[in-house]
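Report on the following structure.
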Amino acid sequence: MKIELIELVEVRLPLVRPFRTSCGTDTARHTFLLRVVTDAAEGWAEFGGDPGPVYSPEFAAGAERVLLDHLVPRVVALHRPSAARIAEALSPIKGHHMAKALLETAILDAECRAHAMPLATYLGAVRDRVPAGVSVGITDTIADLLKTVSGYLEEGYVRIKLKIEPGWDLEPVRAVRHEFGDELVLQADANTAYSLADAGHLRRLDEFGLVQIEQPLDADDLRGHVELAKVLRTPICLDESIRSARDAATAIALGACRIVNVKPSRVGGYLEARRIHDVCAAHGIPVWCGGMLETGIGRAQNLALAALPGFVLPNDISASSRYYAEDLTEPFELDNGSLPVPDGPGSGVTVLPAALRRYSVSTRALYAR
Ligand code: NPQ
Ligand code: MG
């Protein structure tokens with residue numbers, strides 16, 4: 001495969017409703033896509049971060065800079081570029097997993113397309129459909145929250161995840177549990193908003209039968225999570241803390257988590273995401289696929305990953321309509337609480353030119369042969 005063109009397409013899609021987390025409020029998804037054209041096929045990937053380093057230390061403008069100056073030159077210098085060779089070629093550059101994931105993912109998509117192979121098949125999928133959960137942002141009032149959750153349950157989502165932060169935790173969780181009953185599969189995500197001093201407070205969540213509490217403490221506070229796990233009955237899931245298969249192995253060995261949220265962008269791409277799946281499976285640790293408000297491009301690829309056998313919990317992969325009135329691909333729709341795993345070559349979706357025109361802000365060639 002020869003790389004002919006690497007293009008960065010900045011996009012901005014309005015969200016159907018603001019998404020508020022302990023990191024802030026977003027009203028639009030403002031990110032960029034990477035399109036890699038090879039002599040055999042083209043591939044697409046979607047940047048997982050935001051304009052600002054609030055969820056992750058990575059952010060869009062920084063990713064663009066590191067791609068242009070440090071990552072793209074190393075990839076185009078490869079004699080035979082292939083997805084499996086990207087991580088090693090980029091290993092002299094420290095960090096920047098989300099930027100690295102873009103190149104590996106776009107090339108993996110192109111490679112799979114060139115072989116007419118679905119990404120899901122390449123990764124080792126064992127399912128044709130995956131259960132869809134939904135992540136529910138912080139709302140102004142409990143009444144708003146109950147209405148929002150009720151709407152999602154009517155649509156068929158099989159699991160509700162509530163974003164929590166100090167001041168918005170016990171009350172919303174209690175209200176949702178009370179309103180929808182013990183059968184509701186419910187969990188919470190703190191996005192690092194607490195400290196170990198809050199252990200006594202967080203323990204009060206135990207009575208609500210949450211499947212998990214996600215990332216209560218700082219990303220680098222594994223020890224804090226070990227201590228917190230000793231006082232909580234609710235299983236701890238790590239999201240921001242897990243940036244590699246080694247991180248997963250360490251967190252499991254220390255007892256810092258009982259569940260892992262796998263986000264391909266955060267860990268440098270689908271190949272490392274699969275290794276995390278493998279490490280967790282070997283330890284009997286359930287995993288699920290996290291989300292970054294992906295458009296159809298990233299969503300299709302996440303569905304391929306979530307079809308692996310160790311993804312035994314519902315994912316943060318929702319229908320297109322959860323975030324967007326119009327997606328960049330054919331919309332993904334819920335069918336009985338599940339989403340279909342695309343079965344066409346590569347990610348199995350195509351970017352709709354009209355939608356791309358509508359939502360793209362700018363296009364920049366990072367490399368042209
Ligand atoms: C999480 N995602 O699991 C993230 C966090 C998150 C679906 O809950 C813009 C883009 C804003 C991505 C806010 C979900 C975001 C974002 C929060 C991701 O922790
Ligand atoms: Mg999370």
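This is a predicted model, so every value here is computed, not measured. All ligand and atom numbering here is 1-based and tracks the order in the structure.
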Open item on the list: Check for me: within less than 2.8 Å of the Mg ion (ligand 2), which protein N/O/S atoms show up?
Closed with: Asp189 OD2, Glu214 OE2, Asp239 OD2

Open item on the list: Is there a continuous path of hydrophobic side-chain contacts, each under 4.5 Å between heavy atoms, that joins Leu228 to Ile285?
Closed with: yes

Open item on the list: Please enumerate all residues that pass side chain to side chain contact (heavy atoms under 4.5 Å, CB included) together with Thr192, with sequence neighbours excluded.
Closed with: Gln215, Asp218, Glu240

- [ ] Spell out, as yes or no, whether a donor-acceptor pair under 3.5 Å connects the side chain of Arg299 to the backbone of Ser318.
- [x] yes

Task: N-O pairing of Arg274 and Asp278 below 4.0 Å - done: no

Open item on the list: Whether Glu165 and Arg20 form a salt bridge (side-chain N of Lys/Arg under 4.0 Å from carboxylate O of Asp/Glu) is what I want to check.
Closed with: yes

Open item on the list: Which residues pass the ring-ring contact (aromatic ring centres under 6.0 Å, His included) test with Phe47, not counting sequence neighbours?
Closed with: Phe32

Task: Heavy-atom closest pair, residues Gly296 and Asp327 - done: N-OD1, 2.7 Å

Open item on the list: Students should find this: residues with any non-hydrogen atom under 4.0 Å from ligand 1. What is the answer?
Closed with: Phe19, Thr21, Asp26, Arg29, Asp50, Tyr55, Ser135, Lys161, Lys163, Asp189, Asn191, Glu214, Asp239, Lys263, Gly291, Met292, Leu293, Asp316, Tyr323

Open item on the list: Distance check, rounded to the nearest 0.5 Å: Thr139 atom OG1 versus Asp144 atom CG?
Closed with: 5.0 Å

- [ ] Report the C-alpha separation of Arg174 and Glu171 in whole Å, then their side-chain angles, then the decisive distance to 0.1 Å, and conclude whether the salt bridge (charged side-chain N to carboxylate O under 4.0 Å, His left out) test is met.
- [x] CA-CA 5 Å; Arg174 180 185 296 112; Glu171 217 198 325; over 6 Å; no

